[in-house]
Amino acid sequence: MITPADAIILQEQLRAQVITTDVLPHPIRTIAGTDVEYDKSTNLIAGSVVVLDYNTLSVLAVASHCMEVTFPYIPGLFSFREMPPLLEAYRQLEVEPDLIICDGQGLAHQRRFGLACHFGVTLNKPVIGCGKTRLCGQYQNLDEARGSVAPLIAEDDQALIGHALRTRDGINPVFVSVGHKISLDTATDIVLKMATQYRLPETTRLADHYARLALLDYKSGSNKPPESV
DNA sequence: GCGACAG
DNA sequence: ATCTTGTCGC
């Protein structure tokens, strides 16, 4: 398996491929969400991808894959842990999405190559990074109202690496950044549009739901009942 | 050296 | 991520 040191080298190489402008279908018809669920006791990981109609948010397709964890959790090397089940789930999808929202950072990453960038470059698809918490960067003066945005500025070079986006009045923001083939402003607009009722976009909420189901299904299916006599 | 650290 | 119900506050 790839070592953490080699993973960092790979990130440094692949980051040059990231496209930070809009290369999207017009109009957008379908959008996917991804999420991963863990089971600490069994060392299992389940990844799910769900495709929604962009306008109605109805579910058009779902695919999940459960497997053993192959890489430790190391902040900054997150994608090497979550990509294997997500890629396999994506491969099984019967509807190809126009773009994808990942549950993690894109450029808002210490080497500017988070999960959303890795997933996007690997699939050559538009991907948005939308994290629940901050990995790096600082922001200030974020208003309380839904739709408020504050720039997320990298500590090292002061670069604009993402947005803190308030999706509900007075509720903690989410962190939006470019994954691949999309601009930060477009990514921010889309995440706000998808967060219709809750803090997180519906894509992420649904993917989380299906990943949880996939993990439970896998565990119950592998529990072979004792041989009846 | 210390703190921070996507899930 | 996970351990985990009711409870404090707007």
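Just so it is clear, the values below take in all heavy atoms, side chains as well, and ignore hydrogens, waters and symmetry mates. Sequence lines set the chain letters: A, B, ... in the order given, protein chains first and strands last, and positions in each chain run from 1.
At the heavy-atom level, A:Gln110 lies nowhere under 4.0 Å from the strands shown. When heavy atoms are screened at a 4.0 angstrom cut-off, A:Gly76 is found touching base atoms of the nucleic acid. Looking at heavy-atom distances under 4.0 Å, A:Leu77 makes contact with a base. Residue A:Asp39 is classed as having no contact, given no heavy-atom separation below 4.0 Å to the nucleic acid.
The nearest whole Å value for the distance from the CD1 atom in A:Ile8 to the P atom in B:dC5 is 18 Å. Remark: C1' of B:dG7 and CG of A:Asp103 are 7 Å apart, rounded to the nearest angstrom. The distance from atom CD1 of A:Ile161 to atom P of B:dC5 is 13 Å, rounded to the nearest whole Å. The separation between A:Lys40 atom NZ and C:dC3 atom C1' is 8 Å, rounded to whole Å. Rounded to an integer number of Å, the gap from A:Ile74 CD1 to B:dG7 P is 16 Å. In this structure, the CG atom of A:Leu115 is 10 Å from the P atom of B:dG7, given to the nearest Å. When the C1' atom of C:dT2 is taken as reference, atom NZ of A:Lys219 falls 11 Å away, rounded to whole Å. We find that CZ of A:Arg212 is positioned 11 Å from C1' of C:dT2, with the value rounded to whole Å.
In this structure, A:Tyr73 packs face-to-face on the six-membered ring of B:dG7, meeting both the 5.5 Å centre cutoff and the 30° plane limit.
Set against C:dT2, B:dC5, B:dG7, the side chain of A:Leu135 has B:dC5 as its closest nucleotide.
When the side-chain nitrogen and oxygen atoms of A:Lys132 are compared with OP1 and OP2 of B:dG7, one or more of them lie within a distance under 4.0 Å. A sub-4.0 Å separation between OP1 or OP2 of B:dC5 and a side-chain N or O of A:Thr133 is absent. One finds a side-chain N or O of A:Arg134 lying less than 4.0 angstrom from the OP1 or OP2 phosphate oxygen of B:dC5.
At a threshold of 4.5 Å between side-chain heavy atoms, the hydrophobic network of Ile, Leu, Val, Met, Phe, Trp and Tyr places A:Tyr198 and A:Leu206 in two separate groups.
Between A:Tyr73 and A:Phe78, the two ring planes are perpendicular [angle over 60°; tilted spans 30° to 60°].
The CZ atom of A:Arg112 sits 13.0 Å away from the OG1 atom of A:Thr20 when rounded to the nearest 0.5 Å. A:Arg29 CZ to A:Glu96 CD: the interatomic distance, rounded to the nearest 0.5 Å, is 14.5 Å.
Checked against A:Ile161 for a side chain to side chain contact (heavy atoms under 4.5 Å, CB included), the options A:Cys136, A:Ser177, A:Pro151 give a single hit: A:Cys136.
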Quiz item: For DNA chain B, what string of dots and brackets results from 5' to 3' when Watson-Crick and G-U pairs need both distances under 3.5 Å, crossing pairs get [ ], and pairs with another strand get |?
Solution: .......
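Under a 4.0 Å N-O distance rule, the pair A:Lys193/A:Asp189 does not qualify as a salt bridge.
Between A:Ser58 and A:Asp53, the side chains place no donor N or O within less than 3.5 Å of an acceptor N or O (distance only, hydrogens not considered).
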